[in-house]
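What follows is a set of notes on a single structure, which appears directly below.
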Amino acid sequence: MQILALIRERFATVLSELIEDPKLRASSLERIVPSREPQLADYQANIAMPLQKPLGKPPLEIAQSIVDRLNLTDICSSVSIAGAGYINLKLSPDWLAKELDQAYIDPRVGVTSVKEPKTVVVDYSSPNVAKPMHVGHIRSTVIGDSIAKVMRFLGHKVITDNHLGDWGTQFGMIIYGYKHFRNEDDYRARPVAELSRLYRRVQSVIAYQAAVASIPRLEQGVENAHRKVQLATEKLNAAPNDKKTQKEVAAANNGLKQASEELASTQEKIAQAQSNPELLQDSERHPTLNEKVLGETAALHRGDKANLALWDEFLPHCQDEIHSVYRRLNIVFDHEFGESYYHDMLPAVIEELFAKSLAVPSDGAVCVFLPGFDAPMIVQKQDGAYLYATTDIATALFREREFGPDVSLYVVDHRQSEHFNKLFAVLEKIGLVHTQFKHVSFGTVLGTDGKPFKTRSGSVVGLESLLDEAVDRAWQVVCDPNRLKVAGLEMDDAEKRVVAETVGLGAIKYADLSHNRTSDYVFDMDKMVRLEGNTSAYVQYSYARAQSILRRAVAQDWTPDRWETAPMRLAENIEMSLGLQLSRFEEMLLQSMQDFTPNLITEYLFDLARLFSSFLDQCQVLKADTEREAFSRLKLTALVGRTLKQGLELLGIGVVDRM
RNA sequence: GGGCUCAUAGCUCAGUUGGAUAGAGCAACGGAUUUCUAAUCCGUAGGUCGAAGGUUCGAAUCCUUCUGGGCCUGCCA
């Protein structure tokens, strides 16, 4: 149901008589929007004011001439002019009720399929398989999954692909660790845990060695910063009132502070590592470990039999682990073409780049220089190894052959935006002009300390235990015996488990999706499982209340077949508001996919749930004055429930009938 | 140095692409209940939209400058 589109059509016929310039007409139509002032209007047209100059008439006069020609009598109960020239529309409750009657008999709750479906590839999640998954992975996974679901629901042909990091340096780490540090018994008993331990062990030695190696550079940096401060201070003494010099001193001091802090924190890391005898011993016995690991990786890529055999052996275990997470999150991909899948195609990529005069040798590496970028895109290293940029090009070429997408989305965090800008520039030069590439970037997941989770440093909470914790807390709140008793819900343990799982996982997903994806977001378990306010639990709870009423209706013999065919009526203001919100479901979905912002969906669902609560507060459903009224309200309740369920489903969040 | 990005209520965040008096949630305060599930509803209070200019009918939103964070910046992904 697209009421806005219908209203715009009506305006379009009028505007074609008043405005000659087609561009001006189009921009005017876009100024017809859902009202920002629900008290005054349902929809508003802000078109008269900007036409003041082009038409050379006062806005109120323009607005009046538009209103005079408009034919909206079937749709609207009132069309009025207000303020500086706003045209305010109020929908007719009778007309809206009929539209909702139509939506009700539609399994898609009134959402039509797009007229021109596009083939859309969504690349999301894409973890490195050998590293344990952590909170940092959740954004790409949850946001990407939701975008894919919504696009598919809207009628597009969607292909999801989990671009697994199954071929990178981390395998060199595990292979090296396996060769030197493995505990055979542990490996046999629990391969994934052992591999993960090996990864961490190797990784921490490399981090330690890198920290030690960086000390001279950091010390030099502090010294340089000192000198800068001295120079700037002397300059300031010579000219105490020069503002530019004052700034220089401040900047120099700031630089010194930063350099000192970096040195101090690195020294602290080293000190911490040195209190760990096992790590020190590893480091002594395996100097320059990073190079050795790169050597193992290079050997793997060269086709070294032993390493390849190990890779073949490790990969299924690693995949099992991440698949168990996806199973739990209820996420299924169409494809999982990991990086390794493209390995054989990489030489051809380099050849093609040379053939098209895009690539040039530089400092022993192969680079693509691009206008507007300081640094080139490096596609082959000095040692001959390929990089993720190379793989990304190969992937895009493969997807072009295989799927021929109109749109290709990369749901990856914002730190890689420059990489994608370069990638898209290269792809265009190669000739992939048919596809619209888009980096759907998102902010960093921060800890409660406000600092980003860093894959390579410190102890990171594993994703699995995080999910466990959320479910655990959901259980404590939702399945509290006192609460269930008061609510009159008797649940066995099996039902409780389902409820806790649904609410707990929903909390994590919803918290993520409800933030504007472009901003950084603080992962705070305490807040998201509090189950109050703008949370998944509130929306899920509203759904459960709706189901409860429908159950009670059946119990008093008001089965759906009796009221489903009855006409809906939007008599009370709150019913009208609720109906209006229901009618905007499709518009909202289209809006949210315009720039791929799922937070519009959570916002919509939260608003819908709140309106529903107000409705239940103000209107009796089962004890309505007349049966006719009760039937209408039952229908409204059912439609709210279905819309909530459908909306949550598009976010990858489930519902339960009782909670 | 260059580039990207962010700054909105005490806290966490929205803000429909430039529209009317800047909105929610949490926290605070005051009301409502023999509940169709109170995980609720209604209300009060809380703001120099980081700062200063500019663009125009109109700016949190656009342009410039400044301040302060975050990120990226040739051989990780």
Side-chain angles (χ1 to χ4, degrees), chain A residues 30-31 33-37 40 44 46 49-50 52-53 58-59 82-86 88 126 128 165 168-170 247 294 339 362-367 372-383 385 387-389 391-392 412-419 421 441 443-444 446 450-452 455-456 477-478 483-484 486-489 514-516 518-522 524 527 530-535 537-538 540-542 544-545 547-553 587-588 591-592 594-595 597 599-600 602-603 606-607 610 613-614 616-624 633 637 658-659:
Chain A
E30 281 182 19
R31 292 178 196 283
V33 292
S35 179
R36 295 191 159 219
E37 304 290 327
L40 304 174
Q44 64 183 77
N46 313 319
M49 295 81 88
Q52 186 173 0
K53 267 190 185 169
Y86 301 95
N88 286 336
S126 310
N128 288 319
T169 315
Q170 75 273 21
K247 249 180 238 170
L294 287 176
E339 289 175 328
S362 173
D363 291 342
V366 179
C367 297
F373 294 98
D374 283 346
M377 174 181 246
I378 300 173
V379 289
Q380 191 169 19
K381 294 199 282 186
Q382 282 176 333
D383 64 5
L387 296 100
Y388 68 112
T391 309
D392 279 349
V412 182
D413 80 275
H414 74 284
R415 284 176 290 196
Q416 294 189 41
S417 62
E418 188 171 331
H419 162 68
N421 285 336
S441 70
T444 314
L446 306 175
K451 288 183 181 170
T455 327
R456 289 170 203 180
V477 180
V478 184
R483 182 187 168 266
L484 291 180
V486 171
L489 300 173
S514 61
H515 289 79
N516 181 327
T518 56
S519 45
D520 289 349
Y521 130 76
V522 177
D524 188 343
K527 290 206 166 148
R530 201 176 285 162
L531 313 180
E532 290 163 343
N534 189 3
T535 64
Y538 178 81
Q540 289 167 320
Y541 170 70
S542 300
R545 285 181 79 185
Q547 299 316 299
S548 170
I549 292 173
L550 296 176
R551 275 195 305 273
R552 282 174 187 271
E587 281 166 16
M588 177 280 299
Q591 179 77 41
S592 86
Q594 205 168 309
D595 201 31
T597 49
N599 66 308
L600 291 186
T602 61
E603 194 184 320
F606 182 53
D607 286 343
R610 275 197 308 181
S613 283
S614 292
L616 293 183
D617 196 58
Q618 295 174 36
C619 300
Q620 288 288 328
V621 178
L622 299 175
K623 292 174 192 161
R633 286 176 181 171
T637 299
R658 316 195 305 162
M659 62 183 272

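Within every chain, numbering begins at 1; the chains are lettered A, B, ... in the order of the sequence lines, protein sequences first and strands thereafter.
Between E30(A) and D374(A), the residue anchored closer to the 5' end of RNA chain B is D374(A), taking for each the nucleotide with the nearest heavy atom.
Checked against A39(B), G15(B), C36(B), the side chain of L616(A) finds its nearest nucleotide in C36(B). Nearest to the side-chain atoms of R552(A) among the listed nucleotides A77(B), G2(B), C36(B) stands C36(B). The side chain of Y388(A) sits closest to A77(B) out of U17(B), A77(B), C75(B). The side chain of Y538(A) lies closest to C41(B), out of C41(B), U73(B), A14(B). Distances were taken from every side-chain heavy atom of S548(A) (C-beta onward) to each of C36(B), G15(B), G74(B); the shortest belongs to C36(B).
In this structure, S519(A) does not reach the C6(B) phosphate: none of its side-chain N or O atoms is under 4.0 Å from OP1 or OP2. Remark: S417(A) is not in phosphate contact with U5(B), judged by side-chain N or O atoms under 4.0 Å from OP1 or OP2. Contact annotation: N599(A) side-chain N/O to C13(B) OP1/OP2 distance is not under 4.0 Å. OP1 or OP2 of C13(B) sits under 4.0 Å from a side-chain N or O of H515(A).
Side-chain N/O atoms of Y541(A) and base N/O atoms of A39(B) include no donor-acceptor pair closer than 3.5 Å. Judged by distance alone with a 3.5 Å cut-off, a donor-acceptor contact links the side chain of S362(A) to the base of G74(B).
U12(B) and A7(B) have their C1' atoms separated by 15 Å, with the value rounded to a whole Å.
We find that CG of D383(A) is positioned 14 Å from C1' of G74(B), with the value rounded to whole Å. As a whole-Å value, the separation of Q540(A) CD from U37(B) C1' is 15 Å.
As judged by a 4.0 angstrom heavy-atom cut-off over every strand, E603(A) is placed among residues touching the sugar-phosphate backbone only.
For the strand RNA chain B, secondary-structure stems (runs of at least three Watson-Crick or G-U pairs, all distances below 3.5 Å) span B:1-7 with B:67-73, B:10-13 with B:23-26, B:28-32 with B:40-44, B:50-54 with B:62-66.
Judged purely by distance below 3.5 Å, without hydrogens or angles, the side chains of T597(A) and D595(A) never pair a donor atom with an acceptor atom.
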Fill in: B/S/- contact track for nucleotides 20-29 of chain B, protein heavy atom under 4.0 Å
B---SSS---

